[in-house]
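Before any comments, here is the structure.
Heavy atoms only: backbone and side chains are in, while hydrogens, waters and symmetry mates are out.
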Amino acid sequence: MTIRLFDSAAREKRVFKPQDPARVTMYVCGPTVYNRAHIGNFRPVIVFDTLFRLLRQTYGETAVVYARNVTDIDDKIIAASVESGETIAAITQKYAAIYGEDAAAVNALAPTITPWATKHVGEMLAMIEALERKGYAYATDTGVYFDVPQVPTYGRLSGRKLEDNLAGARIAVDQGKRNPADFALWKFTKPDEPDSAVWDSKWGKGRPSWHIECSAMAAKHLGKTIDIHGGGIDLQFPHHENEIAQSECTHGEEMARYWMHNGFLDMGGEKMSKSLGNVVLLNELLNDWDGEVIRFAMLSGHYRAPLDWTDDLLEQAKVTLGRIYGALRRVWAAEGARASDKGVRRALSDDLNTPVALADLSRLAGEANSAADRGDQDAMAQARADILAAGPLLGLLTKTPAQWEQGDSNDDTARIDQLVEDRLTARAEKNWAEADRIRDKLQAERIEIMDSATGSTWRRI
RNA sequence: GGCCCUGUGGCGGAGUGGUGACGCAGCGGAUUGCAAAUCCGUGUACACCAGUUCGAUUCUGGUCGGGGCUUCCA
């Protein structure tokens, strides 16, 4: 099935053709690990995980190489270390581990490669040296900078011109730079910085600047030209623009063939961001919502559009996902059919149209329920197979219906099962008072009984 | 200021030059001991004003509103 992706650089959907179908490469900018990531930070995680899943199904599980870096050296990490007294390594390892756990909680597969910046300082220095040799870099007394005006195509990705930027009021003031648009490749060590943030270089002690790590690590692990480079829309300029400048001036080849950027999560119509302080942490959400509900909510909007993150969105996601699990429960025993419906995959292949994919999943749930109502075994088996085939593409439906509705079997589920049995007995004796008493009792525990011609089942709501 | 995106029914959210995706909520019916679950049915939605067209929510121009980037940021 043809995959089409919206390429930010081309500003249109393009048919996706990898350089080598046997080795499809994707690089996504990962976290700076100095504190907990918020739910907005997990939008690219979930979005590109969904793309990863689609590509794996299309090109083969081992044919897709997905790298997502860990930025473990940066101003904020140094500041966190100085403030807390913890070592940089302790801080970065702690928060990288939490990030990994959070990502797993929303069913994101581990990337193929997770490169850490501090493990690649040698590669970064080699790149900076190459840039200097070619005349693209120069040193000042604060660091080594990239000479932006030497790249006539600078701004192509984000669709802006250097002179446009000059009109803005937010250009950094740095007298040492030749041009305000020049950006740091290497930052010299400042007096109060910890030793663990210091590396030697031919220009002097310092540390790599942010942009260079992605260029160096993408080239090392995925090659000079990668197929897909992704990240949040805020990274389009300047981060990705700078990556392009560094990489293409070093290698003389196109850095990435498709650029993809996800939109922001909003809170009350304004973007969620650490600097605004209007953030919700994923681990807080996990206290109240299943990871799959969070993922469903995230996928309910198209990845390029802003998505307003509200409790109501989560509640709707929970109800809708619950209906799908309920439908799956009703056809669970009808095994044997082969999946044939391509709706979800078709939707995802059209620039990751997850809202349509989820609509299709709902359609399949309707078919399952309808088949179950009719007692049509063939249709039930077909619906079951189609729903279960869609799950892995979306990173949803990883549980059995019983696990979803009732949780894992234990003493409590046995107790509830017994009460449901008792109620059935009461109903058989037309003892409605007793039957309703049991139902009310369970209702008070947020347990819902669902009757059918063949018996009763229950779920936690 | 510059550049870019966006405005769909009570809510979320796709899509299209010509029969109202899908989900949630609501309403009616079936089913049920009564419910719930489920199924079926049910909505004169496309910010506003012009223009192009046989026909525009969809294309063009303008107006108004919302948002983003403009070197901290997913």
Side-chain angles (χ1 to χ4, degrees), chain A residues 11 28-32 37-48 74-76 148 155 158-161 163-172 174 180-184 210-211 230-239 241-242 261-266 269-276 296-297 300-302 304-308 310 312-313 315-324 326-327 329-330 347 350 353-363 365-366 368-374 427 430-432 435-436 439-440 443 448-453 456-459 461:
Chain A
R11 278 169 265 285
V28 173
C29 292
T32 301
H38 59 74
I39 185 63
N41 298 127
F42 284 95
R43 190 168 195 191
V45 171
I46 293 172
V47 163
F48 290 106
D74 157 274
D75 287 342
K76 286 177 177 168
V148 169
S158 52
R160 67 184 68 217
K161 301 176 178 121
E163 46 271 35
D164 291 343
N165 295 327
L166 298 180
R170 288 171 61 179
I171 299 294
D174 185 332
D182 293 350
F183 56 89
W210 176 39
H211 312 295
I233 185 65
D234 54 321
L235 265 32
Q236 185 178 34
F237 185 89
H239 182 55
E241 205 72 72
N242 293 350
H261 295 98
N262 63 273
F264 273 107
L265 235 49
D266 289 350
E270 191 178 41
K271 73 166 183 172
M272 184 188 295
S273 79
K274 288 177 188 172
S275 41
L276 291 172
F296 194 104
S300 66
H302 185 84
R304 280 190 281 119
L307 180 65
D308 209 28
T310 62
D312 192 52
L313 179 73
E315 187 58 41
Q316 289 197 10
K318 179 181 177 177
V319 170
T320 305
L321 186 55
R323 175 169 173 267
I324 294 163
R329 176 192 76 241
R330 298 183 68 196
D350 181 15
N353 195 334
T354 53
V356 168
L358 295 181
D360 240 74
L361 201 53
S362 282
R363 194 201 84 230
N369 279 323
S370 169
D373 277 1
R374 300 194 306 273
R427 290 182 71 206
K430 297 198 190 298
N431 184 353
W432 310 128
D436 291 350
R439 187 170 67 196
D440 291 346
Q443 184 76 39
E448 182 175 79
I449 293 184
M450 293 169 290
D451 294 328
S452 76
S456 296
T457 185
W458 57 274
R459 65 177 177 184
I461 54 173

Considering only heavy atoms and no angle criterion, is a donor-acceptor pair shorter than 3.5 Å present between the side chain of [X] and the base of [N]?
{"X": "A/Q316", "N": "B/rG12", "answer": "no"}
{"X": "A/R439", "N": "B/rC34", "answer": "yes"}
{"X": "A/K274", "N": "B/rC72", "answer": "no"}

Please give the nucleotide sitting opposite [N] as a Watson-Crick or G-U wobble pair, both distances under 3.5 Å, or none.
{"N": "B/rU32", "result": "none"}
{"N": "B/rC27", "result": "B/rG41"}
{"N": "B/rG7", "result": "B/rC64"}
{"N": "B/rG1", "result": "B/rU70"}

Checking all strands, does [X] fall into the base, sugar-phosphate, or nothing category for heavy-atom contacts under 4.0 angstrom?
{"X": "A/G263", "answer": "base"}
{"X": "A/W458", "answer": "nothing"}
{"X": "A/I449", "answer": "base"}
{"X": "A/G40", "answer": "base"}
{"X": "A/F42", "answer": "nothing"}
{"X": "A/S275", "answer": "base"}
{"X": "A/L361", "answer": "nothing"}

Between [M] and [N] - [atom1] atom distance, rounded Å:
{"N": "B/rC40", "M": "B/rU31", "atom1": "P", "value": "16 Å"}
{"N": "B/rG66", "M": "B/rU8", "atom1": "C1'", "value": "15 Å"}
{"N": "B/rU53", "M": "B/rG18", "atom1": "C1'", "value": "11 Å"}
{"N": "B/rU52", "M": "B/rU57", "atom1": "C1'", "value": "16 Å"}
{"N": "B/rA21", "M": "B/rU32", "atom1": "P", "value": "32 Å"}
{"N": "B/rC22", "M": "B/rA14", "atom1": "P", "value": "15 Å"}
{"N": "B/rC64", "M": "B/rC72", "atom1": "C1'", "value": "33 Å"}
{"N": "B/rC46", "M": "B/rG12", "atom1": "C1'", "value": "15 Å"}

Is any side-chain heavy atom of [X] less than 4.5 Å from a side-chain heavy atom of [Y]?
{"X": "A/S300", "Y": "A/Q316", "answer": "no"}
{"X": "A/M272", "Y": "A/F264", "answer": "no"}
{"X": "A/H211", "Y": "A/F183", "answer": "yes"}
{"X": "A/L307", "Y": "A/L313", "answer": "yes"}

Under 4.0 Å between a side-chain N or O of [X] and OP1 or OP2 of [N]?
{"X": "A/K76", "N": "B/rC73", "value": "no"}
{"X": "A/N242", "N": "B/rU71", "value": "no"}
{"X": "A/R323", "N": "B/rC39", "value": "yes"}
{"X": "A/N369", "N": "B/rU38", "value": "no"}

Using atom [atom1] of [X] as one end and atom [atom2] of [N] as the other, report the distance to the nearest whole Å.
{"X": "A/R11", "N": "B/rC3", "atom1": "CZ", "atom2": "P", "answer": "13 Å"}
{"X": "A/H38", "N": "B/rA74", "atom1": "NE2", "atom2": "P", "answer": "6 Å"}
{"X": "A/N262", "N": "B/rG68", "atom1": "CG", "atom2": "C1'", "answer": "13 Å"}
{"X": "A/L276", "N": "B/rA74", "atom1": "CG", "atom2": "P", "answer": "13 Å"}
{"X": "A/I233", "N": "B/rC3", "atom1": "CD1", "atom2": "P", "answer": "17 Å"}
{"X": "A/H302", "N": "B/rG67", "atom1": "NE2", "atom2": "P", "answer": "22 Å"}
{"X": "A/D350", "N": "B/rA21", "atom1": "CG", "atom2": "C1'", "answer": "14 Å"}
{"X": "A/E241", "N": "B/rC3", "atom1": "CD", "atom2": "P", "answer": "17 Å"}

Quick check for you: among [options], whose closest atom lies nearest to any side-chain atom of [X]?
{"X": "A/N353", "options": "B/rA14, B/rC34, B/rA74", "value": "B/rA14"}
{"X": "A/P355", "options": "B/rC22, B/rG13, B/rU38", "value": "B/rG13"}
{"X": "A/D451", "options": "B/rC69, B/rA74, B/rC34", "value": "B/rC34"}
{"X": "A/R330", "options": "B/rC69, B/rU38, B/rU71", "value": "B/rU38"}
{"X": "A/R43", "options": "B/rA74, B/rC69, B/rG33", "value": "B/rA74"}
{"X": "A/E448", "options": "B/rA36, B/rA74, B/rU70", "value": "B/rA36"}
{"X": "A/R427", "options": "B/rC73, B/rC22, B/rG33", "value": "B/rG33"}
{"X": "A/K271", "options": "B/rG68, B/rU70, B/rG23", "value": "B/rG68"}
{"X": "A/D312", "options": "B/rC69, B/rC11, B/rC72", "value": "B/rC11"}
{"X": "A/D436", "options": "B/rC34, B/rG23, B/rA74", "value": "B/rC34"}

Start at the 5' end of RNA chain B and walk down; is the nucleotide closest to A/D373 or to A/R363 reached first?
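It is A/R363, whose closest nucleotide lies nearer the 5' terminus.
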Both A/F183 and A/L307 contact RNA chain B. Taking the nearest nucleotide for each, which residue is further toward the 5' end?
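It is A/L307, whose closest nucleotide lies nearer the 5' terminus.
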Which is it for A/F48 and A/N262 under the side-chain contact (heavy atoms from CB on, under 4.5 Å) test, yes or no, and what are the steps along the way?
CA-CA 9 Å; A/F48 290 106; A/N262 63 273; 3.9 Å; yes
Residues A/Q236, A/E241; criterion side-chain contact (heavy atoms from CB on, under 4.5 Å); working and verdict:
CA-CA 6 Å; A/Q236 185 178 34; A/E241 205 72 72; 5.7 Å; no
How close do A/N353 and A/H302 get, heavy atom to heavy atom, and via which atoms?
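So the two residues come closest at CA-ND1, 3.9 Å.
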Geometric cation-pi criterion A/R160 and A/F237, 6.0 Å radius, 45° cone
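Ring-cation test returns yes.
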Within the stacking criterion (centroid distance below 5.5 Å, interplanar angle below 30°), does A/W432 stack on B/rG33?
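Stacked: ring centres under 5.5 Å, planes under 30°.
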Side-chain donor-acceptor pair under 3.5 Å between A/T32 and A/D74, yes or no?
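A/T32 vs A/D74: no donor-acceptor pair found between side chains.
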Salt bridge or not between A/D234 and A/K271? Use side-chain N to carboxylate O under 4.0 Å.
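Looking at A/K271 together with A/D234, the answer is no, because their closest N to O distance does not fall below 4.0 Å.
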